[in-house]
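Inspection log for the structure reproduced underneath, given as structure tokens.
These numbers were taken from a predicted model, which means no experiment stands behind them. Hydrogens, waters and symmetry mates play no part in the numbers below; they use all other heavy atoms, side chains included. Counting starts at 1 for both ligands and their atoms, following the listed order.
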Amino acid sequence: MAKLNPIKSYQMWINGKWVAALSGATREITDPGNGDLIARVPEAGPKDVALAIDAARQAFDAGPWRKTSALDRGKYLFKIADAIRREGQFLAELEVRNCGKPLAEAEFDVADAANCFEFYGGLATKIHGETMSVPANSISYVVREPVGVCGQIIPWNYPLMMAAWKLAPALAAGNVCVLKPSELTPITALELARIIETVGLPPGVVNIITGPGAGAGEELASNPKVDKIAFTGGTVTGRKIMVAASSNLKKISLELGGKNPNIVFADADFEAAVDGALFGAFANQGEVCSAGSRLLIEKSIHADFVAALIKKVPRVKLGHGLTPGVKMGALISADHLKKVENYIKIGISEGAKLVCGGRRPMGAEFEKGNFLEPTIFDHVTPQMRVGREEIFGPVLSIIPFESESQAIQIANDTEYGLAAGVWTKNVNRGLRVIHSIRAGITWLNTYHPTFNEMPWGGYKQSGIGRELGLHGIEAYLEIKQVNINLDETPIGWY
Ligand code: NDP
């Protein structure tokens, strides 16, 4: 495997310039699949973030972006999409090196990021208002205006795709952005900044800062010059962001965690459901907010279904994401691996039956990476922590059920409400169950496909608001009413 040579030292993108952290501090970025040092990035602190926010504020209040026509804003986004596609292979390989996932999945993410910029490039010209002409002699209309300076904080599981999901709708709507990737996965966001530089966005419109959540992220969430905060990450952090954002009542969008039910009825297409259950649980190493991490199986097929899952698990080939044929890569960090392993200990101590995996794989190729075998717990109960808490790794918890109503009850027995899947050939039942589950993203006879055209987000503690689709751009728009009196006579009230 080719190494990134020499190790690249990045700078941050603030106010149209590449800069180091004021303190000069840097962070080493490593490949979670083999421990290789792959890059150094600036370690921003609150003062760096404040400078980026000032630049964005200036760009919004006095700069040309929001006065740029929607057509031209859209054209910039199309150019970004084209550049991402041109550099697709490079970006996908970099993403693998930085966050561990298999190359085929990174290629999908890069394509999705380009499509997202293209979708919102097209939508920029479709931001319409409303008119009303009641009462007589007046006309009222509604215009949608950009919110202003948007702070955007993204996680480590889909670094480039999440950057696109945040930046594209915000820019299409005429906002300016300060984006903070996870301290673990900043590289593709900085490469995106380079692409943004090449397409010529005015200075300050997009600022990419690299630094830790504690300090840099906190400043972004609390600084009063920021009008809106958009966050994807864990529910615990989401709560902190809400508190910090309350200082100046920022607009807020949160995309948080899930413990999503994937429900298999006895009449489902057996093979398709087995595939869907494995893909739902183990895609992206299970480090997915919408992972189908709770598999609810109807009792009459439970034993056969579990046996079929176990038989197929060896096809989830583990390895470095750039090794051909690999289907599951390394977890993001040694700390996260330990956290997931601790859940495996918890599951065993709670009495769940470990039927598959649960260990680090053996062999020289795995020694320096954060690898864990795909793991399945059977006979999980809804009360167990492995049946309730988001593990965010390749751990599938199987809960048997006896009836449709019990499946719905178990599915809804969670503080989360992000996603759900249902497998049945009875479409009436499938839709009945989907309509009974309190979740924002649902699938019938499939699991995981996402579309830039459709809204993404959760009920309950899985978040606030929606990203993507038409709803996604609304989150970056204010609504103004304008009332015009056509009658020139004074109102004569006094
Ligand atoms: P976090 O929620 O901590 O991180 C997400 C982003 O928020 C990162 O950019 C992080 O920065 C930043 N951040 C962290 N703390 C603060 C803060 N106080 N103020 C502002 N920004 C902050 O996720 P983790 O990476 O630590 O993962 C923890 C758990 O969250 C996972 O195990 C998983 O359960 C869940 N998660 C859910 C995701 C989802 O898509 N819904 C994605 C990722 C995680 P930095 O990385 O630099 O600390």
Side-chain angles (χ1 to χ4, degrees), residues 12 27 29 32 41-46 48-49 98-101 109 151-159 161-163 165-166 178-187 189 208-223 226 229-247 250 252-260 283-291 293 331-333 335-343 370 385-386 388-395 415-419 440-441 448 450 456-458 460-465 467:
M12 297 182 285
R27 172 182 289 264
I29 303 299
V41 300
E43 183 82 329
D48 301 280
V49 178
N98 197 177
C99 68
K101 64 181 71 194
D109 297 355
Q152 304 179 313
I153 300 177
I154 56 172
W156 40 258
N157 54 347
Y158 290 92
M161 202 170 98
M162 288 295 113
W165 286 21
K166 293 281 181 287
V178 180
L179 178 113
K180 191 197 90 62
S182 165
E183 65 197 35
L184 301 173
T185 54
I187 300 182
I208 311 270
I209 47 153
T210 54
E218 285 166 348
E219 176 67 22
L220 200 49
S222 60
N223 188 304
V226 175
I229 194 92
F231 169 77
T232 299
T235 296
V236 173
T237 315
R239 284 198 196 96
K240 290 185 194 162
I241 302 264
M242 265 186 107
V243 172
S246 70
S247 60
K250 292 181 180 63
I252 188 159
S253 322
L254 301 175
E255 205 275 275
L256 308 175
K259 187 74 178 181
N260 310 289
N284 208 56
Q285 304 79 238
E287 296 169 324
V288 190
C289 52
S290 55
S293 52
L331 299 192
I332 188 67
S333 66
D335 282 350
H336 189 58
L337 172 60
K338 281 189 202 128
K339 182 185 148 189
V340 176
E341 285 180 313
N342 193 44
Y343 269 110
N370 311 314
R385 285 183 65 190
V386 289
R388 305 194 71 76
E389 295 178 16
E390 185 182 46
I391 298 173
F392 223 69
V395 181
E415 68 196 33
Y416 295 113
L418 188 58
I441 306 149
H448 267 331
T450 61
W456 182 271
K460 301 196 269 181
Q461 293 190 41
S462 287
I464 296 177
E467 299 194 280

**Prompt:** Within 45° of the six-membered ring axis of Tyr158 and under 6.0 Å from that ring's centre, is NZ or CZ of Lys101 located there?
**Reply:**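 Output yes; distance and angle both within limits.
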
**Request:** With sequence neighbours left out, write down each residue that passes salt bridge (charged side-chain N to carboxylate O under 4.0 Å, His left out) with Arg388, or none if nothing qualifies.
**Result:**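 Listed in chain order: Asp413.
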
Does ligand 1 have any N/O atom under 3.5 Å from a protein N/O, and what are those pairs and their distances?
unit_1   : atom_1 : unit_2 : atom_2 : d
ligand 1 : 2 (O)  : Gly234 : N      : 2.8
ligand 1 : 2 (O)  : Thr237 : OG1    : 2.8
ligand 1 : 3 (O)  : Thr237 : OG1    : 3.1
ligand 1 : 9 (O)  : Ile154 : O      : 2.8
ligand 1 : 9 (O)  : Lys180 : NZ     : 3.2
ligand 1 : 11 (O) : Lys180 : NZ     : 2.9
ligand 1 : 11 (O) : Gly213 : N      : 3.4
ligand 1 : 25 (O) : Trp156 : NE1    : 2.3
ligand 1 : 30 (O) : Gly234 : N      : 3.4
ligand 1 : 32 (O) : Lys339 : NZ     : 2.5
ligand 1 : 34 (O) : Glu390 : OE1    : 2.7
ligand 1 : 41 (N) : Gly233 : O      : 3.2
ligand 1 : 41 (N) : Leu256 : O      : 2.9
ligand 1 : 46 (O) : Ser182 : OG     : 2.9
ligand 1 : 46 (O) : Glu183 : N      : 3.3
ligand 1 : 47 (O) : Lys180 : NZ     : 3.1
ligand 1 : 47 (O) : Glu183 : N      : 2.9
ligand 1 : 47 (O) : Glu183 : OE1    : 2.8
ligand 1 : 47 (O) : Gly213 : N      : 3.0
ligand 1 : 48 (O) : Glu183 : OE1    : 3.4
ligand 1 : 48 (O) : Gly213 : N      : 3.4

Donor-acceptor pairs under 3.5 Å, side chain of residues 213-223 to any protein atom, not counting sequence neighbours: which ones?
unit_1 : atom_1 : unit_2 : atom_2 : d
Glu218 : OE1    : Gly215 : N      : 3.1
Glu219 : OE2    : Asn223 : ND2    : 2.9
Ser222 : OG     : Glu218 : O      : 2.8
Asn223 : OD1    : Lys225 : N      : 2.8

**Asked** Between Pro181 and Thr210, which heavy-atom pair has the shortest distance, and what is it?
**Response**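 Here Pro181 and Thr210 meet closest at CG-CG2, 4.4 Å.
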
**Prompt:** Among Asn157, Ile154, Asn98, which one satisfies side chain to side chain contact (heavy atoms under 4.5 Å, CB included) with Thr185?
**Reply:** Asn98

**Message:** Going by side chain to side chain contact (heavy atoms under 4.5 Å, CB included), name the residues that satisfy it together with Pro394, two or more places apart in sequence or in a different chain.
**Reply:**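 In terms of side chain to side chain contact (heavy atoms under 4.5 Å, CB included), with neighbours along the sequence ignored, Pro394 is linked to Phe282, Met328, Leu331, Val340, Leu372.
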
